[in-house]
Visitor: 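Pasting a structure below so you can have a look.
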Amino acid sequence: MVYNHSVALKTGGGRLIAVQLSLREVLIDGSIIQVISFSDRSEQQLLRQLLDFEQQLLARSLELIRHLQPQQAAATADDLLIGIISMPQLLAAAHGETGRIRRYGGALSGIALQLLGLPAAGAGVEQAELRRQLLRLAGSLCIQASRDSDLVARQEEDVFLLLLPGTSLSGAGQLASRLLRALSQSAILSGAQARPAGACMGISALRADEQSPNAMLGRLQGALDQARMAGGNCIHRQP
């Protein structure tokens, strides 16, 4: 008896096919008959390739999680408590909202806010706590100033993005002004002194001919860069 012996068959066109040969004897109606069968191994090879690919994807995902985890760990507790979402969630919402606007019409705008005057990272326990309190204050004010349909995410430790469905560029400008005023009127106590919060902001909106939010998000970053160069408490618009 031969079972699953690896051989190669050649087609009329000369193509080789890897198969497994099985040869056995069976008794049928009192007669012994030799039965020869072949099984194609291409399906097994394809399955093995798919499993290898899946393992590679899993390894890459685990490596990405290990890379991102230290950066996200410090902000996760405060962000979850305040109501700030992750950047992937905001980007997914931005793409979904853009698709809805292209189908039914509407407006979409955004604000990029960077908090200024933070104590330097690693400047000691007291300064680290002050830095955290100022960041939490900025995040809380972003949530309080926005509507239920708006989304707030943390792009970097000191940069927040607000996605504003149904809001034009002028509406985003009004919200940015209110946020700036609220920040300037807020402060965190540091010892016996009050530490005021300051910020710079960039705003932009989805254009009528844009099919994705990527260009708008790029303009937001450019507007924030311009506001940062102009100095504290500045709002820069990039239509």
Side-chain angles (χ1 to χ4, degrees), residues 75 78-79 81-98 100-101 105-118 131-188 194-210 212-239:
D78 285 344
D79 287 353
L81 182 64
I82 295 170
I84 294 174
I85 64 173
S86 68
M87 277 301 297
Q89 289 175 299
L90 183 137
L91 292 174
H95 281 276
E97 184 63 22
T98 302
R100 190 196 65 78
I101 290 172
L108 177 66
S109 60
I111 299 174
L113 180 153
Q114 182 169 24
L115 198 61
L116 301 176
L118 289 174
R131 181 184 180 91
R132 180 190 171 201
Q133 292 292 339
L134 286 169
L135 288 168
R136 186 160 61 178
L137 171 65
S140 297
L141 289 175
C142 287
I143 293 293
Q144 293 169 18
S146 59
R147 305 163 302 173
D148 290 342
S149 58
D150 300 334
L151 297 174
V152 181
R154 190 191 295 265
Q155 184 182 30
E156 300 173 23
E157 185 191 17
D158 59 345
V159 177
F160 299 87
L161 284 187
L162 288 79
L163 186 71
L164 313 173
T167 304
S168 64
L169 185 66
S170 62
Q174 294 172 15
L175 175 57
S177 297
R178 290 199 302 271
L179 264 174
L180 200 58
R181 186 164 55 252
L183 279 168
S184 65
Q185 294 172 353
S186 303
I188 295 291
R195 184 70 174 260
C200 58
M201 300 185 205
I203 62 175
S204 189
L206 189 73
R207 295 174 181 171
D209 60 341
E210 290 177 342
S212 89
N214 295 341
M216 180 192 76
L217 295 173
R219 290 193 299 274
L220 269 178
Q221 186 59 55
L224 180 60
D225 292 340
Q226 292 292 325
R228 188 187 300 116
M229 288 188 292
N233 297 329
C234 179
I235 300 174
H236 185 83
R237 302 185 181 203
Q238 193 164 332

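For clarity, every value in this text was computed on a predicted model and none was experimentally measured.
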Visitor: Could you tell me which residues satisfy side-chain contact (heavy atoms from CB on, under 4.5 Å) with Thr98, sequence neighbours excluded, listed by chain and number?
Guide: Arg102, Leu108, Leu206, Pro213

Visitor: So do Leu217 and Leu91 actually touch side chain to side chain, heavy atoms under 4.5 Å?
Guide: yes

Visitor: CG of Leu118 to CG of Asp158: how many Å apart, nearest 0.5 Å?
Guide: 6.0 Å

Visitor: Can you name the side-chain hydrogen bond (donor to acceptor under 3.5 Å, both in side chains) partners of Gln89, sequence neighbours left out?
Guide: Ser86

Visitor: Calculate, to the nearest 0.5 Å, the distance between atoms CE and SG belonging to Met229 and Cys200 respectively.
Guide: 10.5 Å

Visitor: Can you give each donor-acceptor pair under 3.5 Å made by side-chain atoms of residues 162-171, sequence neighbours left out, with the distance rounded to 0.1 Å?
Guide:
from, atom 1, to, atom 2, distance (Å)
Thr167, OG1, Arg147, NH2, 2.9
Thr167, OG1, Pro165, O, 3.4
Ser168, OG, Ser170, OG, 3.0
Ser168, OG, Gly171, N, 3.3

Visitor: Nearest 0.5 Å, what's the SG-CD1 distance between Cys142 and Ile84?
Guide: 7.0 Å

Visitor: For residues Leu135 and Phe160, report the shortest heavy-atom separation together with the two atoms involved.
Guide: O-CZ, 3.6 Å

Visitor: What are the two closest heavy atoms between Cys234 and Ala227, and how far apart are they?
Guide: O-CB, 3.7 Å

Visitor: Do Leu115 and Leu137 have side chains that approach each other closer than 4.5 Å (heavy atoms only, starting at C-beta)?
Guide: no

Visitor: Return the set of residues passing salt bridge (charged side-chain N to carboxylate O under 4.0 Å, His left out) with Arg100 (not counting sequence neighbours), or none when no residue passes.
Guide: Glu97

Visitor: Just grab all the salt bridge (Lys or Arg N to Asp or Glu O under 4.0 Å) pairs involving residues 222-233, residues at least two apart or on different chains.
Guide: Asp225-Arg228

Visitor: Please check: side-chain N/O of Gln238 versus main-chain N/O of Ala223, any donor-acceptor pairing under 3.5 Å?
Guide: yes

Visitor: If you look at every heavy atom in Gly110 and Ala172, which pair is closest and at what distance?
Guide: O-CB, 4.5 Å

Visitor: Under the salt bridge (Lys or Arg N to Asp or Glu O under 4.0 Å) rule, what pairs show up with a residue in residues 212-222, not counting sequence neighbours?
Guide: Glu210-Arg219

Visitor: The criterion is side-chain contact (heavy atoms from CB on, under 4.5 Å); which residues satisfy it with Ala145, sequence neighbours excluded?
Guide: Leu175, Leu179

Visitor: Ala153 and Met87: which non-hydrogen atoms are nearest, and at how many Å?
Guide: CB-SD, 3.9 Å

Visitor: Above 12 or not: heavy atoms from other molecules or residues under 6.0 Å from CG of Asp209?
Guide: yes

Visitor: Which residues pass the side-chain contact (heavy atoms from CB on, under 4.5 Å) test with Ser177, not counting sequence neighbours?
Guide: Ile235

Visitor: Once rounded to the nearest 0.5 Å, what's the spacing between atom CG of Leu224 and atom CD1 of Ile203?
Guide: 12.0 Å

Visitor: Quick check for you: to the nearest 0.5 Å, what is the distance between Glu156 atom CD and Gln114 atom CD?
Guide: 7.0 Å

Visitor: List the residues meeting side-chain hydrogen bond (donor to acceptor under 3.5 Å, both in side chains) with Glu157, not counting sequence neighbours, and say none if there are none.
Guide: Arg131

Visitor: Taking C-beta and beyond as the side chain, do Leu113 and Leu183 meet within less than 4.5 Å on heavy atoms?
Guide: yes

Visitor: For Arg237, check salt bridge (charged side-chain N to carboxylate O under 4.0 Å, His left out) against everything at least two apart and list the hits.
Guide: none

